[in-house]
Amino acid sequence: MPKIFLSIVTLVLVFPSNLFVYGAPTTDPTEVNALKVIRNSLYDPMNKLKNWNKGDPCTTNWTGIYCQMESNDNYLHITEIQLFKMNLSGTLSPQLSSLSHLKILDFMWNNISGPIPKEIGSITSLKLILLNGNQLSSYLPAEIGNLPSLNRLQIDQNQISGPIPTSFMNLTSVKHLHMNNNSLSGQIPAELSKLPRLLHLLVDNNNLSGHLPQEFSEMPSIKILQFDNNNFGGTSIPPSYANISTLLKLSVRNCSLEGSVPDMTQIPQLGFIDLSWNQLTGPLPTHKFSTNITTIDVSHNKLNGTIPDFSGLPNLQLLALEDNFFEGSVPPNIWDNTTYSANKSLVLDFQNNSLTNVPANFDPPANVSVLLSGNPLCSNTTLSTPVGSCQFQSITKASGSEQTSVNCQPCPTDRNYEYNPSSTLTCFCAVPLGIGMRLKSPGISDFRPYKTAFEKDLTGLLNLYVYQLYIENYIWETGPRLNMQLKLFPSNTSIFSVNEIVRVRRMLAGWEITLLDIFGPYELLNFTLGSYANDLPKSSGSGLSTGAIAGIAIGAVAVATAVSILATMFILKRRWRYTTMSKRSSLSRFSIKIDGVRCFTFEEMAKATKNFNESSIVGQGGYGKVYKGVLDDGTVVAVKRAHEESLQGSKEFCTEIELLSRLHHRNLVSLVGYCDELDEQMLVYEFMPNGTLRDHLSVKCKEPLNFNTRLHIALGSSKGILYLHTEANPPIFHRDIKASNILLDSKFVPKVADFGLSRLAPLPDIEGTLPGHVSTVVKGTPGYLDPEYFLTHKLTDKSDVYSLGVVFLELLTGMRPIAHGKNIVREVTLKCQSGNTLEIVDSRMESYPIECIKRFLSLALRCCQDETDLRPSMSEVVRELEVIWRMMPDTYSLTTADSSDVDPNLKMTHSTSSASSVMGNTFLSSNEMSSENTESGLHNVTPR
Ligand SMILES: *[C@@H]1O[C@H](CO)[C@@H](O)[C@H](O)[C@H]1NC(C)=O
Ligand SMILES: *[C@@H]1O[C@H](CO)[C@@H](O)[C@H](O)[C@H]1NC(C)=O
Ligand SMILES: *[C@@H]1O[C@H](CO)[C@@H](O)[C@H](O)[C@H]1NC(C)=O
Ligand SMILES: *[C@@H]1O[C@H](CO)[C@@H](O)[C@H](O)[C@H]1NC(C)=O
Ligand SMILES: *[C@@H]1O[C@H](CO)[C@@H](O)[C@H](O)[C@H]1NC(C)=O
C-alpha cells in the first residue's frame, strides 16, 4: 500500500515541463550537454532523473526541467531546474554556468555536498537560488554578488563557512538573504546596508563575530533582522537601530551582547523583539511600543530598575523579563481592557527578579498568566504564598469542539481519498495536496489568534476558497519556527487537475506569493498528492489491535476531550487569585468511593475466562497470571489470579480490597471486583485494550508513539503515582513502576497498574525471577530499581521517582532499561555528558519540539540521580511535566532551556537534525495530534 502511494507522489513531482513549445524547436545543444554533465556529478539513488538521458530535455519533459523560448535563436532555453527533495547527493557542477537563461536554481532539501560553484555568478538571469537543506560546505563565492536580478538567496541549513562576501552589496534586486544555520564567520559586512530592496536578513545560528553594523539603521526597506546564536563578544546593540523605521522584527538571542537596550519603542510597526540570553545592563526604556507588538523577550540579561508601564498593547502575547534584576512592583494592568480567551492568551514572565510587591487588587483576568516565582515577594510571609508556586494562571477551555462528526460512509481507501475536515460540504471524498510549510521567522509567539488570518491569507494568495485549506497540525520548532502540515482540497471535484497542481506548486515553490508580514518568510518542506492519513499501515499481527492504529489518531482527540472534561470538573471557576493560592486542596479533586466493587464467584470467573484457558492469558506478574475475561454483561475485564504463594488470609485480602477499592483516579487502572473462594483469590480490573507501554516502545511495534502521546503518557502516569503517594491513606508506594505496569486504554490514556500489590504479592527479586516465598529483601524489577533502596533497604517515595525516571528515559529513547548488559541511565548520562544529547532520542518519533525534549530529558535524569535528595519530589515531577506540556506547540515556551543543559555545540545540530527528521519523511506521522489536543492539555494545569 505505501509503495503504490509513493509512486503517485513521484508522478506528481515529475510534471510536464515545456509549456511553451512552438513549432518543433529543440533545446539549445550547449544546455543539453551541460545538463548531462550536471547529471553526472549527482548521485541519484531513487532514480528520479532516469529520464534525463532520453530525447530532448525540454520537449520530452525531463524531470524538474522547465524551458522557455526566449531569444530569437529558435532554441528552447532552460529557465528552471527544480529538483526539490529528490534524495540527490553528489555535487553541483560548474557547468551550471552554461545554462545562461536560468532563472530558478532549486535543489532544496537534498544531500548535495561540496562547494557552491563560483561559476553560477555568471548566470545573470538568476532570480532564485534555492539550495537550503543540503550538505553544502566551503565558502560563499564572491561571484554571487554579480547577479543583478537575484531576488532570493536561500542557502540556510548547510555547512557553509567563511565570511559573507562584501560583494553581496551589489545584489541590487535581492529581497531575501536567508543564510541561517551554517558556519559563516567573521564580521557581517556593513555594506549590506546599501541593499535597496532587502527585506529579510536571516543569519542566525552561525559563527559570526565582530559587531552588529550600526550602518544597518540606514537600510531602506528592511523588515526582519535575525542574528540569534552568533557571538558579537561584548559589543552592544547600536542605538541607531531605534531609527529603522521599517523594522518589524529584531532577534538577537544569545549573541554575547552587552550594553544597554536601545529605545526601539518608537518604531511604528515593530512586532517582535527578542534580546534574550545576552548580558545587557541598565533599565528598559519607558516609551510606548507599537500596538503591533506581540512579543517582547529580554529575559536572561542583567537589566535593572523598575518594570516600565506596558499597558495599551492589545496584541501582546509574551512579555518575558525573567532572570534579570528588576525591582520594585509588578506593574499594574498590563492586560488593560483587552479581552483574552482560550485562543488569545498573554504570558507575563517575571520570574527570578528582585520584585518586592504586587499592586493592590492585583487580579489578572482569565488566560493571562503571571509568573513570579524567584522574586522576594514570593517569600513575603504576609502574602502567605508557598515558594515555588508563586504564579497566577488560569486557562479556559476552547469553546466547543470544532468538528461534529457527521455520519459519512468511509471514503474509498485505494486512491487516498479523504474528507475535508474544514469543509461544510461534508461527506465529499477528495484527494488533497499535502503541503509541509514552515514559517522561518514569524512575528508571533502564539499562532492561535492568527490562524484564521493565515487561512484567509494563504488561500487568497493561491486563489482558492478558504474551506479548501485544512491546517492539519502545526508545531513550534527551535528558532522559534512554525512547522505546519497543510492540506489543500479540490473544490467541487475529487481530484485537482494537473494544471491546478502545477499552478499551486509554481506559486509556492517559485515564491510567487508573499504572506502577510506578521508571518514572515515561509519555506516549503514538501509537496505531495494525497496525505499520509489514509496511508497508515494496516495492522498485520504486530501485536497491536487494528483499533490501536485508529486509536493513535483518534485517541488524540478523544484524550483531549476526556482531559478537558476532567479539567472542567475542577477548573470550574478556578481563577487563581492571590488569596486562594496558598489554600492547599481547597477543592476536593477526586471522589472517594468505598463500595462499588463487585464480589464474583469462582464460577463467574471461570466462565469469563473460558475456564482459565491458556488462550485467555494476557500477562503474568508477581501476583500471578492475568487473564482476559468477558463478564455476563459483556464487560471486558482483566482477571489477576493469585498463585499459591500470593494467597492471603481472607481478612488481610479483604482489607486490601477495601484499600484498593477506594483508589479512583483517571490514571490508575480501576478495580472492578474480586473473588475470594475455594482457595482462590482474584482481582478483577478494567481491561486495557492497548496493552502495556512496553509493547508500544518495543522495536517490534509498527506504529511508534509520537512525542505528544509519550509526553501525555508520562504526565498521566506521574499524576496516577502522585495520587497514590498523596491521596491514598495510608500512602501507597508502588515499588514496581515499569513500562509494563503502565497500561494504555483505548484512547491511549495511561493507567498505572499493580499498585498496592506490593502489599499483597511478592515482587520479583533482584534476579528477576519469582521468589518461592514472600521475602523481605530488596524487591523490584532490575533496571528500575532505586540504587539507594538497594543499598539501604529503605523504601521512600523517591524510589518510585527513580523507577518513573527510568520509564521516562524509555519513552525518550525507546531503549529497554537493561539491554545487552547496558544500563539505560548510565548510557543516557554518558551521551549527554559527551554533548550528543539528541542522538539518544528515539528516531521513530519523527519530529518533536527540541526544547521540550531537552527539558523532559533533564527531568528524567534528575529522577534517576543516585542520591535520593537530588531527585525531585513526585509533585515537582508532575509540575515540570505540566510546564513541558504547556511548551508544546501553540503555547510559547516560558523558558527556552535550562541554562544548565545549553550546549553551545548543540544549537546547530538541533535545528538541522530536527529539520532533517522532518524532511526525511514525506508523511509526518508523528505530529498527528491535533492542535486542539495540545490546547486542552492546558486545561489540566493545576499548580499545587
Ligand atoms: C511533455 O509535456 C507536454 C505538455 O504537457 C505534453 O503535451 C507532451 O506529450 C509531453 N511529452 C512527453 C514525451 O511526455
Ligand atoms: C560592486 O560592483 C561594482 C561595479 O559593478 C564593482 O566595481 C565593485 O567592485 C563591486 N563591489 C564589490 C564589493 O565586489
Ligand atoms: C500594525 O497594526 C496596524 C493597525 O492594526 C495594521 O494595519 C498593520 O497591518 C499592522 N502591521 C503589521 C506589520 O502587522
Ligand atoms: C543598574 O546597573 C548598573 C550597572 O549595571 C548600575 O550602574 C546602576 O546603578 C543600576 N541601577 C539601579 C537602579 O540599580
Ligand atoms: C481602555 O479603556 C479606556 C477607557 O475606557 C480607554 O481610554 C483606553 O484607550 C482603553 N485602552 C485600550 C488599550 O483599549
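When a ligand or atom number is given, it counts from 1 through the structure's own listing order. Numbers here are sequence positions counted from 1.
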Can you name the side chain to side chain contact (heavy atoms under 4.5 Å, CB included) partners of Lys223, sequence neighbours left out? Leu199, His200, Leu248, Asp517
Give one line per pair: atom of ligand 4, protein atom, distance. Only N/O to N/O under 3.5 Å.
unit_1, atom_1, unit_2, atom_2, d
ligand 4, 2 (O), Asn304, ND2, 2.2
ligand 4, 11 (N), Asn304, ND2, 3.0
ligand 4, 14 (O), Asn304, ND2, 3.4

Nearest heavy-atom neighbours spanning Ile120 and Leu126: O-CD1, 4.0 Å
In terms of the angle between their ring planes, are Phe232 and Phe227 parallel, tilted or perpendicular, with boundaries placed at 30° and 60°? perpendicular
Check each atom of ligand 2 against the heavy atoms of Ser167 and keep those under 4.0 Å away; list them by number with element. 12 (C), 13 (C), 14 (O)
For Thr166, which residues count as a side-chain hydrogen bond (donor to acceptor under 3.5 Å, both in side chains) partner, sequence neighbours excluded? none
Is there side-chain contact between Leu131 and Leu92, with at least one heavy-atom pair below 4.5 Å? yes
Could you list all the ring pair (Phe, Tyr, Trp, His ring centres under 6.0 Å) pairs where at least one residue sits in residues 125-157, not counting sequence neighbours? none
